[in-house]
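Right, one structure below, let's go through it.
Chain naming here is simple, since letters A, B, ... match the order of the sequence lines and numbering starts at 1 in each.
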Amino acid sequence: MTKDTWIGDVRTGEHDGAEVELKGWVHRSRGSNKIRFIVLRDSTGTVQCVIKREVVGDETFEAMKGALVESSVILTGIVESTEREHGHEVQVTSAVVVGPVNPERPFPITESAMAEAEGGETEFLLDNRHLYLRTGRMTSMLKMRSTVFGAIHSYFRDRDFIEYQAPNFVAGAVEGGSTLFEVPYFGRTAYLTQSWQLYAEAAMPALERLYTMAPSFRAEKSRTRRHLTEFWHAEMEMAWASNDDIMVHGEGVVRHIARSLLDEREAELIEQGRDLNLVARYADSPYPRMRYDEAVETLQGMGVEIEWGQDLDYSKEKVLTADFDVPTFLTHYPRIAKPFYHRPDPDDTKYVLCHDLLAPEGYGEIIGGGERTWSEKEILERIDEEGTPRDAYEFYIDIRRYGGVPHGGFGLGVDRVCAWLTGAEHIRETIAFPRDSRRVTP
RNA sequence: GCCGACAUAGCUUAGUUGGUGGAGCGGUGGACUGUUAAUCCACAGGUCGCAGGUUCGAGUCCUGCUGUCGGCGCCA
């Protein structure tokens, strides 16, 4: 039961004049008593198939008439090049319904359900996500997502990074601690990981250049177009590297993703209404860097109320990035605004050697990273300064006790990058089954 | 944790100062030999989210609850 003819190839004219067997799903169906038009869909596209009663006979004709939207069918026929709007049609000679659709429960995702949902994110469509996946909008989004994942793997593998996996059950926090999901663990409490970073640092002296793509979990009740509770995190860690060295790869991987989308998914980008010139600009332009102090001054100059030492929340990021036309790195945040693992700048220890990459068009932070506090003396200082108990981080401190070296890394929000580059209205559009604080189904 | 909206048929929705809920899509039956969201005729389909209250009378007004959506903080 294999399949060897794809609708995408029919559409390019590859099978013109030949007999083909097409396996797929009824996308639309219309017609009269003598002729029926079935727009057939498979994973590669749609094509109109013409079924005539006088050709296929009464029994097949009636069966096809009863094949409702999303019935699975096998159609055999001759591919014909035509002047009509589809370019290529299939003149059907025989047809069979494989999986019928019960008229008492017709396919619920109708034109009207799609029409009003610009971003495709109505409650109804979210409840019926398992069926919504097969619509054109989700299909092309999932293909672009696949390209993004592939691009991240190829970027790092082409540069001799080793893919390395960390556990998803963990004992402690990376960031803060308030956003951990608790999981019962044989009478104890475990947590779902928020980041691969601490485990990556443990492997850094072994592998030196490593990366991963894995889910991270954050129990934030965030209700925004940028947040999921389960999101895909692309992270890298690199030995013998400074903040600047890390940023080079952050810029590199993001530009490589944008370029890959243009090369592999131009049709899908256009289908989603994305301006290709914008994506090309993100692929081709260097990303500027701005120190935190400069960002604060800029904001103060714009009349925004902000004091030195405050972290930049989204309302401020949004004002700041409104005029940016390419992603921009913000570097050198005040030490008091960042967690202990960020290394203080030896030139001025009020700051830490870190960076955030802010995407334009209001998509917010897509990368957070920097140089790690790497000597035993400094890490103990910073842990104490935060008032964090040392014993929770013994293994992390150990890494510094045995041949610590300068190193760093970053984490990239893959779903956020998908949303931004495809121009999605909401991060939920970029993942098959989105998880947020109010939704774990379907 | 905080702020703001919304809930009517499978879907998208109309519903006026409170007076027995309409339409389009989808479904079913019929007509039609080239349709493009096909068209035309007919039919079926509703505990107006739930629970109270006001009223002669509530989809409509009030209270509570539930669910959903949008946003803030936090972050990728």
- Would you please indicate if the ring centroids of A:H130 and A:F433 are separated by under 6.0 Å? no
- Note on the structure: Considering only heavy side-chain atoms of A:R428, the closest of B:C75, B:G70, B:C72 is B:G70
- Message: Closest approach to the side chain of A:R225, judged atom by atom: which nucleotide of B:G71, B:C69, B:A76 is it?
- Response: B:G71
- Item | Pair assignment for RNA chain B - dot-bracket with | for other-strand partners, Watson-Crick or G-U under 3.5 Å | (((((((..((((.....[..)))).(((((.......))))).....(((((..]....))))))))))))....
- Item | Min side-chain heavy-atom separation A:I152-A:V253 under 4.5 Å | yes
- Message: What I'd like to find out is whether the side chain of A:F169 reaches to under 4.5 Å of the side chain of A:T193, using heavy atoms alone.
- Response: no
Would you mind classifying the nucleic acid contact of [X] as base, sugar-phosphate or nothing, using non-hydrogen atoms under 4.0 angstrom?
| X | result |
| --- | --- |
| A:E220 | base |
| A:L228 | base |
| A:H426 | sugar-phosphate |
| A:R53 | nothing |
| A:D311 | sugar-phosphate |

Identify, with sequence neighbours excluded, every residue that meets salt bridge (charged side-chain N to carboxylate O under 4.0 Å, His left out) alongside [X].
| X | answer |
| --- | --- |
| A:R428 | A:E121, A:D436 |
| A:E385 | A:R335, A:R382 |
| A:R28 | A:E111 |
| A:R157 | A:E163 |

Rounding to an integer number of angstrom, what distance separates [N] and [M] when you compare their [atom1] atoms?
| N | M | atom1 | answer |
| --- | --- | --- | --- |
| B:U68 | B:A31 | C1' | 43 Å |
| B:A42 | B:A5 | C1' | 41 Å |
| B:G24 | B:G64 | P | 39 Å |
| B:U13 | B:C3 | P | 28 Å |
| B:C41 | B:C50 | C1' | 40 Å |
| B:G22 | B:A37 | C1' | 23 Å |
| B:G21 | B:G57 | C1' | 16 Å |

Under 3.5 Å, side chain of [X] to main-chain N/O of [Y], donor-acceptor pair present?
| X | Y | value |
| --- | --- | --- |
| A:R416 | A:Y363 | no |
| A:S285 | A:Y282 | no |
| A:K143 | A:S43 | yes |

Atom-pair distance ([atom1] on [X]; [atom2] on [N]), nearest Å:
| X | N | atom1 | atom2 | answer |
| --- | --- | --- | --- | --- |
| A:D436 | B:C72 | CG | C1' | 16 Å |
| A:I109 | B:G10 | CD1 | C1' | 10 Å |
| A:Q194 | B:A76 | CD | C1' | 12 Å |
| A:K316 | B:C75 | NZ | P | 12 Å |
| A:Y132 | B:C11 | OH | C1' | 14 Å |

Look at the side-chain N and O atoms of [X] and state whether any lies under 4.0 Å from the OP1 or OP2 oxygen of [N].
| X | N | value |
| --- | --- | --- |
| A:H227 | B:G71 | no |
| A:R439 | B:C69 | yes |
| A:S315 | B:G73 | yes |
| A:R438 | B:U68 | no |

- Just by protein heavy atoms under 4.0 Å, how would nucleotides 22-39 of chain B read 5' to 3' in B, S and -? --BBSSS--SBBBBB-B-
- Item | Separation of A:R259 CZ from A:Y155 OH (nearest 0.5 Å) | 15.0 Å
- Task: Find which nucleotide of RNA chain B each of A:K338 and A:K318 is nearest to by heavy atoms, and output the residue with the more 5' nucleotide.
- Result: A:K318
- For the base of B:G70, is there a side-chain donor-acceptor partner from A:T224 under 3.5 Å away? no
